[in-house]
Amino acid sequence: MKDDYNPQVDEKFLKPYDYVATEKRIYTAWEESGLFNPDECVKKGMVKGDAPTYSIVLPPPNVTGKLHMGHALMLAVEDVFVRFKRMRGFRTLWVPGTDHAAIATQSVVEKQIKKEEGKSRHDLGREEMLARINKFAEESHTTIVSQLKTMGASLDWSREAFTLDEKRNRAVRTVFKKMYDAGLIYRGMRIVNWDPKGQTTISDDEIVYEERDAKLYTFKYSKDFPISVATTRPETKVGDVAVAVHPDDARYKEFVGKEYDTVFCDVPIHIKIVADKEVDPAFGTGAVGVTPAHSQIDWDIADRHNLSHEVIIIDEYARMTVDGRLKEKKTTEARDIVVEWLKSEGLLEKEEVVKQNVSTAERTGGLIEPLPKLQWFVDVNKEIAGKGKTLKELMLEPVQSGKIKIIPEHFEKTYFHWIGNLRDWCISRQIWYGHRVPVWYRSTGADGKSSEEIVVGEMPEGNDWTQDEDTLDTWFSSGLWTFSTLGWPDETEDLKNYHPTDMLETGYDILFFWVARMIMMTEFTLGDIPFKTIYLHGLVRDAQGRKMSKSLGNNLDPLDITAKFGADAARMALIVGNTPGTDMKLSEDKIKGYKHFANKLWNIARFILSQERTGEMKEDLKTEFDTLVAGVTSDIEEFRIYLAAEKIYHYLWHRLADEIIEESKGKTDYGTTLYYILENSLKLLHPFMPFITEEIYQSIPTRDTEFLMVAPWPVVE
RNA sequence: GGGCGAUUAGCUCAGUUGGUAGAGCAACGCAUUUACACUGCGAAGGUCACAGGUUCGAGUCCUGUAUCGCCCACCA
């Protein structure tokens, strides 16, 4: 049988498709061609100089280690659009980069050092610690870059960026100053989420709530105190300044406005009875002990009634700062002591078990202790001079007006809902890895009255200035990502050509953390949107639908997967049947199926390339194929890549291979048609399975371009 | 407490504007060296969660219910 083959067919087709060797070789060839860079495409005449642009910035992976399947999905999806647009003749730019990820990275390195050397970051000192983190980040970066290449991502490496490099630092300082000058960034004493374990503040979004059983204690401050209150945190009651009741609550009306002095567990306290509509008369006794310094809600109540915020009774290590038997006790120990004291004094009236959500820090798992601290904030409710709008409104508007489209659409509701609940954003962190807050202080106290002088943005002249010790929330710098990567604050050609970007593709889990912040920062800084379309992908779960995690050991490692089945197969498995916004279950079996498909395609090519290009074009088959072209094209244009991929798969395997090729056997008039279908099928499939399609294309002597990746997309006349 | 989503074949999921229910995988029967065994052919498999409504016609639109999942708020 073998001697029926056309001897011109490349020998490589006589063996099964070798994806390991091929994928590596092809990526290197692409990189060397320079064609990932749109300027190079223009220079080589592959794309017109005045062609419209298409741009995506890669959501920068954290330099905390290596990539997971979620990243693989992101790369597969983005590369589909990028390769499609490039073949459609756009000047197409996909900007790579990595994220320093502040807390996440620092805590990984801290844990590692603690484990291996038993040292804390304070043992090492700021400079040494930063050197260690930088080294770790560099190693992660190397791993990540090689993984990005393994997946076949057609990123323009000449424009690679890092959220913490010098250029991005300049962008951060410039935006910080601009916001400070507009009065949107302020420094203030406010209740923040303090993580005693990580020794830093965190933002509202970095909290995770865990449901636990807690005891609700009902008690009186003293024998002659008229009202009982209920609490799950008796130890904080030494910091109470008031009891709040609902204004309409008949039980307590007579006491409102009265003040009481007593000694609670060795601590003298002064309590005023106030009426506040936030109090739920049906919960507990209908009366709340108000602890302004250690609860956000109580802080707000204190604000409304001019009560003191100054009674601080817990420190940064979650220890009591009061005198007496609670002195320097941990809050958990203090709780037991207070309960014992209440019992011994006969003040405890009820003890019941309730379900409670406790706040923990996402990164360290530490129990959040609300504390008043002097921190930097972004004011989301202040009207911006000259714009007449608040940052909240700037975030809302482009999505409401449809200038930014979210896919799937229903996430718009989630987005609006989140903005409705948004409070000022605490941006300062007491960690070392990150952009240092660009503020310098010096005290001037010539006349004995010392006051503080502040300079924002650039380090001032003179050596008596001290820079703020804190660093910025990592999302502050990633919020600038679409324009900081394109050279802003300089007015670069890239910025002019490629901003706003066309699409942001990312997981729905960071819609608030990141996507909303990008819209806010870009609208404020440039008065423009950062991107036109937000394409949200879901989580990649294991075959049973569980989250992939280290502790479950059910992680699929993209490197293992590509070694076992090939990047093309992994990409197809991640795209087919995976609709935006929905979590997907991924099994090795599914990936294996697409490895088989790659081999099938290999053999289709082997068969067709062994035929002579003879016979008239079969118009019915051409028409049928052109319908496929039109369908696939509009599916990609309209973001239905999961359908597009499936359509080509189905056509190639079950129509072309099973029927058309079978029918053509022993006939000589199919050659022209088969070549037409093969060449154009490779183009249609290229965005999804770039390696094998390129490899086969390279074996077609009559191909129109050197590389399939810049071959013109098929057009239906 | 507020919001969002899902429910379609054994499993995983499509189903775009309302027009006689679709794919992959698995399982079943047949073929056995074929371009490809990483194969082919065939058959089987569904009350589209449930109850109403709109319509000539509903998996699709509307109302309600149930179950599961997620997000936000944080009630002291």
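Residue numbers start from 1 in every chain, and the chains themselves are labelled A, B, ... in the order their sequence lines are given, proteins ahead of strands.
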Nearest-Å distance once atom [atom1] is located in both [N] and [M]:
| N | M | atom1 | result |
| --- | --- | --- | --- |
| B:G5 | B:U63 | P | 12 Å |
| B:A14 | B:A66 | P | 25 Å |
| B:G45 | B:U12 | C1' | 16 Å |
| B:U60 | B:C28 | C1' | 33 Å |
| B:G29 | B:U65 | C1' | 44 Å |
| B:A9 | B:G24 | C1' | 12 Å |
| B:U8 | B:U47 | C1' | 12 Å |
| B:C75 | B:G18 | P | 46 Å |

Can you see if the side chain of [X] gets near the phosphate of [N] - specifically, an N or O under 4.0 Å from OP1 or OP2?
| X | N | answer |
| --- | --- | --- |
| A:Arg640 | B:U16 | no |
| A:Lys665 | B:A35 | yes |
| A:Lys413 | B:G3 | no |
| A:Thr579 | B:A14 | yes |

Side-chain donor-acceptor pair under 3.5 Å between [X] and [Y], yes or no?
| X | Y | answer |
| --- | --- | --- |
| A:Ser203 | A:Glu206 | yes |
| A:Thr218 | A:Glu349 | no |
| A:Glu663 | A:Tyr670 | yes |

Checking [X] now: which residues fulfil salt bridge (charged side-chain N to carboxylate O under 4.0 Å, His left out) with it, not counting sequence neighbours?
| X | answer |
| --- | --- |
| A:Glu409 | none |
| A:Asp205 | A:Arg517 |
| A:Glu694 | none |
| A:Arg233 | A:Glu235, A:Glu369 |

message = Taking A:Arg251 first and then A:Asp249, would you say they form a salt bridge - that is, a charged N and a carboxylate O separated by under 4.0 Å?
response = yes
ask   = If a stem is a run of at least 3 consecutive Watson-Crick or G-U pairs, both distances under 3.5 Å, which stems include RNA chain B?
value =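 Stems (3+ consecutive pairs) listed as B:1-7 with B:66-72, B:10-13 with B:22-25, B:28-31 with B:39-42, B:49-53 with B:61-65.
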message = Across nucleotides 66-76 of chain B, 5' to 3', mark each nucleotide with B, S or - according to how protein heavy atoms within less than 4.0 Å reach it.
response = -----SSBBBB
query = Looking across every strand, which nucleic acid part, if any, lies under 4.0 Å from A:Ala543 by heavy atom: base, sugar-phosphate, or nothing?
reply =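 No contact.
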Take atom [atom1] of [X] and atom [atom2] of [N], then tell me their distance rounded to the nearest Å.
| X | N | atom1 | atom2 | result |
| --- | --- | --- | --- | --- |
| A:Arg655 | B:C41 | CZ | P | 12 Å |
| A:His596 | B:G40 | NE2 | P | 11 Å |
| A:Ile641 | B:A14 | CD1 | P | 13 Å |
| A:Trp602 | B:U39 | CH2 | P | 17 Å |
| A:Glu663 | B:C41 | CD | C1' | 16 Å |
| A:Ile604 | B:G40 | CD1 | C1' | 13 Å |
| A:Leu652 | B:G40 | CG | C1' | 17 Å |
| A:Phe597 | B:G40 | CZ | P | 12 Å |

Considering only [options], which nucleotide approaches the side chain of [X] most closely?
| X | options | value |
| --- | --- | --- |
| A:Thr582 | B:A14, B:C41, B:C38 | B:A14 |
| A:Asn603 | B:U16, B:C4, B:C36 | B:C36 |
| A:Asn599 | B:C41, B:A14, B:C36 | B:C36 |

inquiry  = Can you work out whether A:Phe411 or A:Ala598 has the more 5'-proximal nearest nucleotide on RNA chain B?
reply    =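 Of the two residues, A:Phe411 wins.
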ask   = What pairs meet the ring-ring contact (aromatic ring centres under 6.0 Å, His included) rule with one or both residues in residues 225-253 of chain A, with sequence neighbours excluded?
value = A:Tyr221-A:Phe225, A:Phe225-A:Tyr260
ask   = At what distance, to the nearest 0.5 angstrom, does CG of A:Leu367 lie from CH2 of A:Trp194?
value =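 These two atoms lie 15.0 Å from each other.
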request  = Take the angle between the ring planes of A:Trp475 and A:Phe513 and call it parallel below 30°, perpendicular above 60°, tilted in between.
outcome  = parallel
Counting only pairs under 3.5 Å, give me each side-chain donor-acceptor contact of residues 569-579 of chain A, with atom names and distances, residues two or more places apart or in other chains.
| unit_1 | atom_1 | unit_2 | atom_2 | d |
| --- | --- | --- | --- | --- |
| A:Arg571 | NE | A:Phe688 | O | 3.1 |
| A:Arg571 | NH1 | A:Asp79 | OD2 | 2.9 |
| A:Arg571 | NH1 | A:Met151 | O | 2.9 |
| A:Arg571 | NH2 | A:Asp79 | OD2 | 3.0 |
| A:Arg571 | NH2 | A:Pro687 | O | 2.9 |
| A:Asn578 | ND2 | A:Leu574 | O | 3.1 |
| A:Thr579 | OG1 | A:Thr582 | OG1 | 3.4 |

inquiry  = For the backbone of A:Val208 and the side chain of A:Thr360, can you confirm whether one donor and one acceptor N or O come within less than 3.5 Å of each other?
reply    =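 Pair found, side chain donor or acceptor close to backbone of A:Val208.
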key: Whether A:Ser634 side chain and A:Gly631 backbone form a donor-acceptor pair below 3.5 Å   =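 Yes: the side chain of A:Ser634 pairs with the backbone of A:Gly631.
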Extract from the structure each pairing of a protein N or O with an N or O of nucleotides 20-29 of chain B at less than 3.5 Å, listing the distance.
| unit_1 | atom_1 | unit_2 | atom_2 | d |
| --- | --- | --- | --- | --- |
| B:A23 | O2' | A:Glu646 | OE2 | 3.3 |
| B:G24 | OP1 | A:His654 | NE2 | 3.1 |

ask   = Residues in side chain to side chain donor-acceptor pair (under 3.5 Å) with A:Asn599, at least two apart?
value = none
ask   = Between the side-chain atoms of A:Lys600 and the base atoms of B:C36, is any donor-acceptor pair under 3.5 Å?
value =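 Between B:C36 and A:Lys600, which were checked side chain against base, a qualifying N/O pair under 3.5 Å is present.
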inquiry  = Checking A:Trp425 now: which residues fulfil ring-ring contact (aromatic ring centres under 6.0 Å, His included) with it, not counting sequence neighbours?
reply    = none
ask   = Among residues 243-251 of chain A, which residues get a heavy atom nearer than 4.0 Å to RNA chain B?
value =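 Nothing qualifies; none.
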